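The structure appears right after this line, and notes come after that.
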Amino acid sequence: MNPSTIGRLAGIPGQAPAVGPFSPAVIANGFAFTSGQIPAITGLEDQPDTFEGQVRQTIENLAAVLEAAGSSLQHVVKVNTYLTSQDQLEEYNRVYVEYFGTAKPARTTVCVSLWGVSLEIECTAVLANIPSDAPEDIA
């Protein structure tokens, strides 16, 4: 893909479909910009029962989007996290460090009101591989 080309993921196989008119990720200028990922397994009504499980599912969903975009959690440079309660922060951090380890990307975490979920995570990552023949709409 030409560095000035913008690629949009059409969907992620095995993942719950998007709940709105947006791409799971957009690829531009050597970066993958993900949409917010939630703890949905097959759909909004199918989520892990515990907050810890929801954090893990959300990060696993994020990892799947990054992989489809040609990147990975190890290439993440910025994370934006939306929690629904300050009381979630300690448990969130405990699970977060299991996935991001010592990479420590820049991060913003805020408490907001979300509908139907307890958290949402989006990120920006450097592409691990930029295929020279990648189409603009990546399936």
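Predicted model only: the values in this text are computed from it and were never measured. Only this structure's heavy atoms are used, side chains among them; waters, hydrogens and symmetry mates stay out.
- Grouped by direct or indirect side-chain proximity (heavy atoms under 4.5 Å, Ile/Leu/Val/Met/Phe/Trp/Tyr only), V97 sits alone.
- Considering OH of Y96 and CG of L73, their distance stands at 9.5 Å, rounded to 0.5 Å.
- Between the side chain of T84 and the main chain of L114, no donor-acceptor pair closer than 3.5 Å is present.
- In this structure, the side chain of T50 engages the main chain of G53 through a donor-acceptor pair within 3.5 Å.
- Applying the side-chain contact (heavy atoms from CB on, under 4.5 Å) rule to S113 yields no partners; only residues at least two apart in sequence or on another chain are considered.
- Considering CD of Q88 and OG1 of T109, their distance stands at 11.0 Å, rounded to 0.5 Å.
- Every residue was checked against the ring-ring contact (aromatic ring centres under 6.0 Å, His included) condition with F33, not counting sequence neighbours, and none meets it.
- Here the side chains of I41 and P48 are in contact, with some heavy-atom distance below 4.5 Å.
- Scored by the side chain to side chain donor-acceptor pair (under 3.5 Å) test, T81 finds Y92 as partners (sequence neighbours excluded).
- For residues 36-49, no residue pair satisfies the salt bridge (charged side-chain N to carboxylate O under 4.0 Å, His left out) rule, not counting sequence neighbours.
- Applying the salt bridge (charged side-chain N to carboxylate O under 4.0 Å, His left out) definition to pairs two or more places apart or across chains, none involves residues 103-123.
- Within the 3.5 Å criterion, the main-chain N or O of V77 finds no donor-acceptor partner in the side chain of T124.
- In this structure, the separation between CG on N29 and OG1 on T5 is 9.5 Å, given to the nearest 0.5 Å.
- L119 is listed as a side-chain neighbour of P39, based on a closest heavy-atom distance under 4.5 Å.
- Side-chain N/O atoms of Q54 and S118 include a donor and acceptor closer than 3.5 Å.
- Listed by chain and residue number, nothing satisfies the side-chain contact (heavy atoms from CB on, under 4.5 Å) test with T102 (two or more places apart in sequence, or in another chain).
- Scored by the side chain to side chain donor-acceptor pair (under 3.5 Å) test, E91 finds no partners at all (sequence neighbours excluded).
- In this structure, the side chains of F100 and V79 come closer than 4.5 Å at one or more pairs of heavy atoms.
- For E52, the salt bridge (Lys or Arg N to Asp or Glu O under 4.0 Å) test picks out R56, R94, with sequence neighbours left out.
- Among residues two or more places apart in sequence or in another chain, the ring-ring contact (aromatic ring centres under 6.0 Å, His included) test is passed with Y82 by none.
- Residues T34 and P24 fail the side-chain proximity criterion, which asks for heavy atoms closer than 4.5 Å.
- Residues meeting the side-chain contact (heavy atoms from CB on, under 4.5 Å) test with A40, sequence neighbours left out: A16, I38.
- Residues passing the side-chain contact (heavy atoms from CB on, under 4.5 Å) test with A64 are I12, Q15, sequence neighbours excluded.
- Side-chain atoms of Q47 come within 3.5 Å of backbone atoms of L44 as a donor-acceptor pair (strictly under, hydrogens ignored).
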